[in-house]
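See structure below.
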Amino acid sequence: MTASSATPGAAPLAAPGAAPLAAPLATDMGLPDYVVRRPKGFYHSLNPATKLALAALEVVAAFAIPGWLGPGPVLAVLVATALASRTMRSLLLIGLAALPLVVSIMVVNLFLLPGASDPIGRLGPLAPTWSGLWFGLLTTARLLAFSSAVALAYVTTPVDDLLADLSRRGLGRRGVFVVGAAVQMVPRTIERVGEIMDAQRARGMDTEGRIWRRARGLVPLAAPVVFGALAEVEERTMALESRAFTAPGRQTLLRVPPDRSIDRALRWLALAGVVAIAALRLTGRLG
Amino acid sequence: MTASGSRRLDPAPAVPSIEFEAVSFAYPDGTVALDGVSLRVEPGELVAIVGQNGSGKSTLVRHLDGLLRPTSGRVLLGDRDIRRAHVAELAGRVGLAFQNPDRQLFAGRASTEVGFGPRNLGLRGAPLEDRVAAALEAVGLSADVASNPYDLGYSRRKLLALASVLAMRTPILVLDEPTTGQDARGVARVRAVVAAAAGEGRTVVAISHDMRFVAECFRRVIVMRAGRVVLDGAPESVFGEAAWPELRATYLEPPLPAVAGARLGLGATPTVSALVAALAAAAGGGR
């Protein structure tokens with residue numbers, strides 16, 4: 001037995017003076033992380049409803065304001081917020097997931113925009129147009145503004161904070177459960193698929209070979225996803241019932257996300273912005 | 001079957017050593033799961049890895065079959081750097097039994113499930129059937145050869161998942177929490193599997209929170225905390241009184257015989273048999 005970074009004979013290997021891991025739990029009167037969670041910055045600390053209101057304003061601005069005056073500033077604000085809240089990497093990953101849609105938007109508009117008559121050149125029977133390119137880029141910018149606004153609110157808001165806030169604002173238990181299940185479904189499924197794929201690859205399933213070989217791996221991947229999800233639904237239902245999910249009366253929330261005056265101000269501002277853009281749009285003053 | 005009742009199987013291929021050279025790994029969200037781990041496991045060693053949840057145990061072993069690749073550092077099987085090796089290729093050398101059986105079981109018959117790995121490795125016909133039968137026998141599920149895996153209880157599904165990895169006859173066997181959810185009979189099965197693998201000269205690496213299982217089945221214990229190896233040695237030293245502060249900082253308790261032996265002044269007694277022997281020796285000495 002050898003361990004090049006370890007002294008045989010069970011000598012402690014931790015760096016001298018390293019802080020014991022118990023310390024963080026011992027603070028805050030021994031309350032767990034769920035109760036005493038500290039946000040990582042200003043945007044993270046905003047109330048979930050505030051972040052949703054800001055996202056709504058950004059989406060409305062990106063789509064209702066004509067030309068680049070809508071999506072351009074919105075994207076700039078979103079990038080600045082993502083950098084400040086250190087979520088740029090997550091947003092870029094989500095943006096990558098939208099890549100196939102972006103490509104299809106660009107291809108369709110570049111070659112098939114109705115009424116476009118300003119060709120860039122010719123590619124066989126196809127003629128890409130400047131108008132198509134411009135419209136495709138604008139549509140892509142709006143799509144990215146939409147996905148980034150929603151994604152920013154999502155990645156900076158713990159799901160339990162969102163659910164607790166919805167509950168406090170009067171959404172019933174079933175409604176909160178439905179929202180929670182829907183919000184968590186995608187990341188849960190992604191996590192489940194990742195682990196199942198790892199387990200099957202560890203048993204020699206080829207995910208890097210030819211397409212027909214990879215196709216044979218669909219059943220070993222799909223079956224545990226489906227069976228696991230069904231089993232989880234059953235277990236979760238029983239767990240909820242056993243914890244008096246359907247009992248009458250109002251729940252006591254273990255933790256309520258703060259709702260400060262800055263949150264209320266920002267929500268009013270977002271509402272005013274949405275109303276103003278809608279009014280200007282409806283009266284034709286935005287062009 | 002041989003006269004002794006065990007099946008005659010092809011011998012396991014040559015067992016390579018395992019070497020982690022200053023391996024660090026960070027997940028895409030920036031979480032550093034391994035922080036410069038260096039250790040070497042000789043062929044045929046029985047190694048248990050213990051540590052609190054999130055200490056990097058599972059991340060470490062997933063490097064062995066290429067499911068994860070080091071952010072920095074190298075992992076060597078024998079003298080081969082596995083950085084560029086395909087997982088499907090490494091699966092023939094490292095068998096990894098995952099913690100949650102429901103993340104891998106997919107087939108409608110136990111025999112199909114167990115045959116999935118060896119079939120992926122190219123085995124067909126009678127040798128494949130022999131492998132499947134031997135693996136099911138090893139975990140006590142011979143009678144369930146035609147059962148649907150989802151009709152089995154959790155502990156038996158877990159044993160079935162273990163059988164599906166045993167059937168691959170890899171020179172290195174990695175078990176992630178093999179005794180979780182097992183009753184005494186199930187734990188005895190797992191112990192027998194470890195002992196049989198050891199008897200064949202194979203390397204066994206197991207992650208476990210079951211300190212009694214660790215002390216009684218493994219000759220080397222590695223304790224991890226925050227992505228680092230903090231203790232590394234024989235059970236007698238890792239569970240010895242001098243290491244208790246380090247264990248407790250990692251939220252681990254030494255096995256009861258070790259505590260009893262220390263309290264009685266009998267020295268290092270990590271297992272029941274060691275404690276009994278020490279008691280007998282002490283009683284004999286006192287006469």
Side-chain angles (χ1 to χ4, degrees), chain A residues 1-15 18-23 25 40 86-87 89-90 92-93 155 187 191-209 213-214 216-232 235, chain B residues 21-22 28-30 36-42 45 47 52 62 65 67 86-88 91-92 94-96 98 100 102-107 116-121 150 161 164-165 168 219-223 225-226 228-234 237-240 242-243 245-246 249-251:
Chain A
M1 177 272 291
T2 56
S4 53
S5 72
T7 308
L13 301 175
L21 291 184
L25 292 176
K40 297 173 194 164
R86 296 180 180 181
T87 52
R89 187 186 169 90
S90 302
L92 285 174
L93 288 174
V155 299
E191 183 197 344
R192 187 192 299 273
V193 167
E195 200 170 328
I196 290 166
M197 190 178 278
D198 278 355
Q200 310 304 35
R201 290 171 75 203
R203 291 195 291 166
M205 190 181 83
D206 190 359
T207 58
E208 293 152 335
R213 293 198 66 170
R214 281 188 272 171
R216 283 196 319 185
L218 275 178
V219 172
L221 286 182
V225 172
V226 174
F227 294 144
L230 291 174
E232 190 179 282
E235 265 185 36
Chain B
E21 286 184 356
D29 67 357
V37 172
S38 292
L39 58 89
R40 180 178 170 85
V41 177
E42 298 298 341
E45 264 197 291
V47 181
Q52 67 194 92
R62 284 177 191 211
D65 58 6
L67 290 170
H86 284 192
V87 178
V94 180
L96 173 53
F98 280 65
N100 185 352
D102 297 340
R103 298 283 165 99
Q104 71 168 64
L105 302 179
F106 70 94
F116 178 70
R119 182 176 277 275
N120 284 332
L121 298 181
Y150 280 89
S164 78
V165 174
M168 295 166 73
R219 296 313 308 146
R220 179 180 173 191
V221 182
I222 292 171
V223 182
R225 186 170 72 222
R228 294 180 186 173
V229 174
V230 293
L231 288 170
D232 185 349
S237 50
V238 168
F239 295 131
E246 196 68 46
T250 317
Y251 301 105

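For the numbers below, each heavy atom of this structure counts, side chains included, while hydrogens, waters and symmetry mates do not. Chain letters run A, B, ... following the sequence lines, proteins first and then strands; every chain starts at 1.
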*asked:* Measuring from atom CG of B:L67 to atom CZ of A:R201, what distance do you get when rounded to the nearest 0.5 angstrom?
replied: 5.5 Å

_So, taking the atom named CZ in B:F116 and the one named CE in A:M205, what distance separates them when rounded to the nearest 0.5 Å?_
5.5 Å

*Residue pair B:M168 / A:G204: nearest heavy atoms and the distance that separates them*: CE-N, 4.2 Å

_Contacts of A:R89 that satisfy salt bridge (charged side-chain N to carboxylate O under 4.0 Å, His left out) - sequence neighbours left out_ = none

*Checking B:P28 against chain A: side chain, backbone, both or neither under 4.5 Å from a heavy atom?*
both

_Can a donor-acceptor pair be found, under 3.5 Å and without considering hydrogens, that links the side chain of B:D65 to the backbone of A:A202?_
no

*Measure across B:F106 and A:F227 and return the closest heavy-atom pair with its distance rounded to 0.1 Å.*
O-CE1, 4.4 Å

*Based on non-hydrogen pairs under 4.5 Å, which of B:A22, B:A161, B:A91, B:G30 is most in contact with chain A?*
B:A91

*Measure distances from B:V94 to the heavy atoms of chain A and classify the residue's part below 4.5 Å as side chain, backbone, both or neither.*
backbone

*Pick from B:G95, B:S164, B:A107: which one has the most heavy-atom pairs with chain A under 4.5 Å?*
B:S164

*asked:* Between B:L96 and chain A, with a heavy-atom cut-off of 4.5 Å, which part of the residue counts as in contact: side chain, backbone, both or neither?
replied: both

*asked:* Please classify the contact between B:R219 and chain A as side chain, backbone, both or neither, with a heavy-atom cut-off of under 4.5 Å.
replied: neither

_So, using salt bridge (charged side-chain N to carboxylate O under 4.0 Å, His left out) as the criterion, who are the partners of B:R103 when residues are at least two apart?_
A:E195

_Let's test your reading of the structure: which of A:G228, A:A223, A:P224 forms the most heavy-atom pairs below 4.5 Å with chain B?_
A:P224

_Among B:V165, B:L105, B:V221, B:V223, which residue has the highest count of heavy-atom pairs closer than 4.5 Å to chain A?_
B:L105

